[in-house]
Amino acid sequence: MFKDKTIVYTSGTFDMFHYNHLRMINYARSLADILIVGVSTDELVSSYKAKPIIPFTERLQIIEALKTPDIVIPQHTLDHSELVKKLNIDAFVVGDDWFGKYDYLKELGVQVFYFPYGTGVSSTNLKKTIHDSYEESLRMQRSAKPATVKEETK
C-alpha cells in the first residue's frame with residue numbers, strides 16, 4: 001500500500017483485444033485505487049507461444065486508450081518479483097489460464113487473483129476461428145468448378 005492506496009497490477013498479451021480482456025481489466029480496477037496494466041512485449045510472448053497478431057506498440061496503445069488503467073507499462077518478463085518490489089504492488093490479477101503460476105508472489109505479500117475467464121472468447125479461439133474459416137473458404141474455392149465462357153455463334 002502506498003499512502004493508503006491499494007496498488008493493483010494486471011498484465012497480459014492483449015492480442016486481438018476482446019471482451020474477456022476488458023472484463024479482467026475492469027475487475028482489477030474494482031480492486032484498485034491505482035491500477036497498473038502491463039502489456040507483454042512481442043519478444044516475451046514469443047518465448048512461450050506464437051507471436052501476437054497485433055504488434056506490441058499497437059497493443060500498448062489500445063490499453064493506454066482505455067479509461068481504466070492509471071499506468072500502462074511494457075512487460076518484459078513473466079517473473080514479477082522485482083516489479084512488485086519496485087512499484088509497491090498489493091495485488092496481482094491474471095487470467096485463470098495461469099492458475100497457480102503466480103502463487104510465489106504471495107510470499108512477497110501480494111494478493112493473487114486468478115480471474116475466471118471461463119469459456120468463450122479468447123485470442124487463441126479467435127485466431128483459430130479465423131484460420132478455420134479461411135481454410136474452409138479455400139477448400140470451397142478449390143472444389144468449385146471454374147466458370148466457363150460460352151462463345152456466341154453468329
Side-chain angles (χ1 to χ4, degrees), residues 1-140:
M1 195 170 295
F2 177 74
K3 295 185 179 182
D4 298 324
K5 302 283 185 190
T6 301
I7 302 171
V8 176
Y9 180 71
T10 189
S11 64
T13 304
F14 304 115
D15 195 18
M16 300 179 70
F17 192 79
H18 56 73
Y19 177 68
N20 275 338
H21 290 143
L22 185 61
R23 286 181 54 232
M24 185 180 77
I25 291 170
N26 285 343
Y27 175 73
R29 169 85 267 168
S30 75
L31 302 172
D33 293 311
I34 300 170
L35 177 60
I36 303 170
V37 178
V39 179
S40 299
T41 63
D42 291 343
E43 295 77 19
L44 174 59
V45 177
S46 295
S47 73
Y48 63 90
K49 67 179 183 179
K51 184 177 176 181
I53 300 289
I54 309 298
F56 168 72
T57 54
E58 292 178 26
R59 291 183 286 113
L60 190 73
Q61 289 174 356
I62 290 167
I63 302 304
E64 286 174 336
L66 298 174
K67 293 178 184 178
T68 316
D70 295 300
I71 302 167
V72 178
I73 60 174
Q75 177 177 290
H76 298 283
T77 178
L78 294 177
D79 183 348
H80 300 313
S81 301
E82 290 303 311
L83 182 76
V84 161
K85 293 173 191 173
K86 286 179 182 177
L87 298 178
N88 298 308
I89 292 170
D90 299 300
F92 176 62
V93 176
V94 67
D96 65 359
D97 51 334
W98 291 88
F99 188 80
K101 302 229 178 176
Y102 290 99
D103 286 352
Y104 69 90
L105 293 175
K106 294 175 184 177
E107 297 170 15
L108 299 173
V110 175
Q111 287 184 284
V112 179
F113 297 88
Y114 294 100
F115 183 75
Y117 250 21
T119 57
V121 177
S122 75
S123 296
T124 301
N125 288 347
L126 284 172
K127 289 175 197 175
K128 182 174 178 3
T129 299
I130 292 166
H131 176 268
D132 292 352
S133 175
Y134 178 70
E135 287 292 318
E136 179 61 24
S137 175
L138 288 177
R139 270 193 298 282
M140 290 175 64

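All residue numbers in this chain count up from 1 along the given sequence. Model, not experiment: these values are computed from the prediction.
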Who pairs with [X] by side-chain hydrogen bond (donor to acceptor under 3.5 Å, both in side chains), at least two apart in sequence or on another chain?
X	result
N26	T68
Y102	none
S40	Q75

* Asked: Do the non-hydrogen side-chain atoms of I25 and L66 ever get within less than 4.5 Å of each other?
  -> yes
* Heavy-atom check, side chain of P69 versus side chain of I63, under 4.5 Å -> yes
* Structure fact -> Hits for side-chain contact (heavy atoms from CB on, under 4.5 Å) against L83, two or more places apart or cross-chain, chain-then-number order -> Y9, I73, H80, L87, I89
Determine whether a donor-acceptor pair (N or O, by modelled atom type, separation under 3.5 Å) exists between the side chain of [X] and the backbone of [Y].
X	Y	value
D15	I54	yes
S47	L44	yes
D96	Y114	no

* Asked: Which residue pairs satisfy the salt bridge (Lys or Arg N to Asp or Glu O under 4.0 Å) criterion with at least one member in residues 66-85, sequence neighbours excluded?
  -> R29-D70, E82-K85
* **Pairs flagged by salt bridge (Lys or Arg N to Asp or Glu O under 4.0 Å) wherever residues 54-66 is involved - sequence neighbours left out** => D42-R59
* To do: Give the C-alpha distance, both sets of side-chain angles, the deciding distance and a yes or no for side-chain contact (heavy atoms from CB on, under 4.5 Å) between I36 and V8.
  => CA-CA 6 Å; I36 303 170; V8 176; over 6 Å; no
* Apply ring pair (Phe, Tyr, Trp, His ring centres under 6.0 Å) to F113 and list each qualifying residue two or more places apart in sequence or on a separate chain. =>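 Per chain and number, F113 pairs via ring pair (Phe, Tyr, Trp, His ring centres under 6.0 Å) with no residue.
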* Asked: Looking only at heavy atoms, what is the nearest atom pair of G95 and M24, with distance?
  ->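 Looking at all heavy atoms of both residues, the closest pair is N-SD, 3.4 Å.
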* To do: Considering non-hydrogen atoms only, spot the tightest contact between A50 and V45 and give its length.
  =>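 Shortest heavy-atom separation between A50 and V45 comes out as O-CG1, 3.6 Å.
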Taking only residues two or more places apart in sequence, or in another chain, which ones meet [X] in a salt bridge (charged side-chain N to carboxylate O under 4.0 Å, His left out)?
X	result
K101	none
D103	K106
E107	none
D33	none

* Evaluate the criterion side-chain contact (heavy atoms from CB on, under 4.5 Å) for residue pair R23 and Y27; output intermediate values, then yes/no. => CA-CA 6 Å; R23 286 181 54 232; Y27 175 73; over 6 Å; no
* Asked: Within a reach of under 6.0 Å around CZ of F99, are more than 12 heavy atoms found that belong to other residues, nucleotides or ligands?
  ->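 At most 12 heavy atoms, drawn from other residues, nucleotides or ligands, come within 6.0 Å of this atom.
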* Would you check, one step at a time, whether the test side-chain contact (heavy atoms from CB on, under 4.5 Å) holds for V37 with F14? => CA-CA 11 Å; V37 178; F14 304 115; 3.7 Å; yes
* To do: Would you mind listing every ring-ring contact (aromatic ring centres under 6.0 Å, His included) that reaches into residues 43-76, with sequence neighbours excluded?
  => Y48-W98
* To do: Begin from the C-alpha positions of D90 and V110 and carry the test side-chain contact (heavy atoms from CB on, under 4.5 Å) through to its verdict.
  => CA-CA 5 Å; D90 299 300; V110 175; over 6 Å; no
